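Remember, predicted model here, so these are calculated numbers, not experimental data.
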Amino acid sequence: MNRPVENRSRPTALAAVLALIGAAFLGLTACATTGAQRPGVVVTTNILGDITREIVGDQAEVTVLMGPGADPHSFGVSAPQAARIEQADLIVHNGLGLEENVLRHVEAARESGVAALAVGEGVDPLTYASDDTAGRPDPHFWTDPVRVRTAVRLIADELIEHVEGVDATVVRANAARYDARLSDLSAWMRNRFAAIPDDRRNLVTDHHVFGYLAQRFGFRVIGAVIPSGTTLASPSASDLASLATAIERAKVPAIFADSSRPDRLAQALRRESHVDVRVLSLFSESLTERGGGAATYLEMMRANTTAIADGLGAPTPTARPAAGTERKTP
């Protein structure tokens with residue numbers, strides 16, 4: 001009498017097991033789908049990438065196209081990166097002509113309906129005042145931390161508007177916390193630069209990259225080894241001779257060359273100038289790997305400020321803050 005009951009229970013138990021397996025499979029599928037649909041932000045340069053990650057936090061996936069130490073004027077994107085651009089919820093790019101080899105991908109994505117923020121266009125951009133690029137917009141706004149504070153607000157607004165699923169309260173809190181650190185950075189830079197004698201506040205760089213910093217903190221840009229806003233240009237012999245004369249007249253003690261590129265042009269200018277000029281490295285257009293001296297925007301700006309102040313003859317402070325040790329608000 002018990003045997004028929006036992007036969008009927010076996011399929012029932014089997015069905016229950018299959019149901020559990022099916023539920024587990026559906027759960028895994030749902031998780032995979034959710035992961036695939038995680039909001040995505042694509043950022044072109046690594047400087048903007050670091051800033052954007054501070055604002056985004058854990059609210060979305062951030063993909064940065066430009067690797068450490070790359071040149072924003074010349075870097076390109078791979079096929080997988082181009083696909084990421086097309087599939088992004090939001091593209092954050094510098095704009096103002098900086099990413100010369102990436103712009104066509106950004107424009108194509110924008111035309112297909114992807115939201116894109118050209119940060120430089122919203123931070124009161126300057127124009128070049130001289131040389132080959134006179135009158136054109138200067139894209140190097142990040143050398144001014146006050147303009148970067150404006151950029152933070154712009155990026156936060158675009159994230160909240162265009163990236164579905166982000167928590168606006170969290171994004172605003174992240175932006176406010178980072179803004180406080182930028183405020184501290186700006187004040188520290190002003191104090192450090194104030195120690196440079198007025199007659200030594202003259203900048204010569206490998207190309208025109210520090211116009212925003214000069215305007216914000218009261219420097220005079222004597223010239224650039226490459227008389228252009230892009231590293232893709234080249235100086236002529238007459239360009240070097242003219243700049244050498246300007247250096248002699250202004251008694252410039254140091255030329256600043258970007259650490260990511262060879263300084264042979266700056267060294268050539270040093271030989272032409274007939275004065276005792278040092279060639280010093282700055283992190284002007286790209287972050288480094290961790291441990292390389294400029295792994296974050298804040299670390300980069302502190303390192304550059306120290307190099308400029310020391311190179312132009314500012315007295316060494318008794319207690320200089322270590323790179324990246326800015327105040328953090330809770």
Co-membership, hydrophobic cluster, residues [X] and [Y], 4.5 Å side-chain:
X	Y	result
Val209	Phe75	no
Val64	Ile91	no
Ile155	Leu185	yes
Phe141	Leu103	no
Val152	Leu287	yes

Looking at every heavy atom in both [X] and [Y], which two are closest together, and how far apart are they?
X	Y	answer
Gly311	Pro253	O-CG, 3.6 Å
Asp89	Pro39	OD2-CA, 3.3 Å
Ala246	Ile222	CB-CG2, 3.7 Å
Val221	Ala214	CG2-CB, 3.7 Å
Pro315	Ala195	CD-O, 3.2 Å
Gly293	Thr288	N-OG1, 3.7 Å

Backbone of [Y] reached by a side-chain donor or acceptor of [X] within 3.5 Å:
X	Y	value
Gln81	Val77	no
Ser112	Ala109	yes
Asn304	Phe283	yes
Trp142	Arg147	no
Thr305	Met301	yes
Arg302	Trp188	no
Arg290	Ala295	no
Glu99	Asn94	yes
Asp144	Tyr212	no
Arg216	Pro145	no

Derivation and outcome, side chain to side chain contact (heavy atoms under 4.5 Å, CB included), residues Leu203 and Leu312: CA-CA 9 Å; Leu203 288 176; Leu312 297 183; 4.1 Å; yes
Checking His140 against Asp138 for the side chain to side chain donor-acceptor pair (under 3.5 Å) test, could you report, in this order, the C-alpha distance in whole Å, the side-chain angles of both residues, the deciding distance, and whether it holds? CA-CA 6 Å; His140 306 94; Asp138 182 347; 2.7 Å; yes
Between [atom1] on residue [X] and [atom2] on residue [Y], distance to nearest 0.5 Å:
X	Y	atom1	atom2	value
Thr63	Arg53	OG1	CZ	7.5 Å
Met300	Thr143	CE	OG1	8.5 Å
Tyr297	Ile51	OH	CD1	6.0 Å
Leu298	Leu182	CG	CG	6.0 Å
Leu96	Glu121	CG	CD	5.5 Å
Asn101	Asp71	CG	CG	9.5 Å

Taking the side chain as everything from C-beta on, heavy atoms only, tell me whether [X] gets closer than 4.5 Å to [Y].
X	Y	value
Val277	Val279	no
Val42	Leu65	yes
Asp179	Glu54	no

Does the distance from a Lys or Arg side-chain N to an Asp or Glu carboxylate O, for Arg110 and Glu107, drop under 4.0 Å?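 Salt bridge: yes.
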I'd like to know if Glu61 and Arg84 make a salt bridge, using a cut-off of under 4.0 Å between side-chain N and carboxylate O.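 Arg84 and Glu61: salt-bridged.
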So does Arg220 have more than 12 non-hydrogen atoms from other groups sitting under 6.0 Å from CZ?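 Correct, the count exceeds 12.
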Residue pair Glu285, Asp258: steps toward the side chain to side chain contact (heavy atoms under 4.5 Å, CB included) verdict: CA-CA 8 Å; Glu285 294 192 303; Asp258 190 276; 4.3 Å; yes
Check the orientation of Phe219 and Phe193. Use parallel for under 30°, tilted for 30 to 60°, and perpendicular for over 60°.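 Rings of Phe219 and Phe193: perpendicular, as their planes differ by over 60°.
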Examine the side chains of Asn46 and Ser286 and answer whether a donor and an acceptor come within less than 3.5 Å of each other.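 Asn46 vs Ser286: donor-acceptor pair found between side chains.
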Take Val119 and Val92, measure what side chain to side chain contact (heavy atoms under 4.5 Å, CB included) needs, and give me the verdict at the end. CA-CA 7 Å; Val119 180; Val92 177; 3.7 Å; yes
Step by step, work out the side chain to side chain contact (heavy atoms under 4.5 Å, CB included) result for Ile255 and Ile247. CA-CA 9 Å; Ile255 302 168; Ile247 288 174; 4.2 Å; yes
Side-chain donor-acceptor contacts of residues 162-172 below 3.5 Å, not counting sequence neighbours, with atom names and distances?
{"from": "His162", "atom 1": "NE2", "to": "Glu158", "atom 2": "OE1", "distance (Å)": "3.2"}
{"from": "Asp167", "atom 1": "OD1", "to": "Thr169", "atom 2": "N", "distance (Å)": "2.9"}
{"from": "Asp167", "atom 1": "OD1", "to": "Val170", "atom 2": "N", "distance (Å)": "3.4"}
{"from": "Arg172", "atom 1": "NH1", "to": "Asp157", "atom 2": "OD1", "distance (Å)": "2.6"}
{"from": "Arg172", "atom 1": "NH2", "to": "Asp157", "atom 2": "OD1", "distance (Å)": "3.0"}

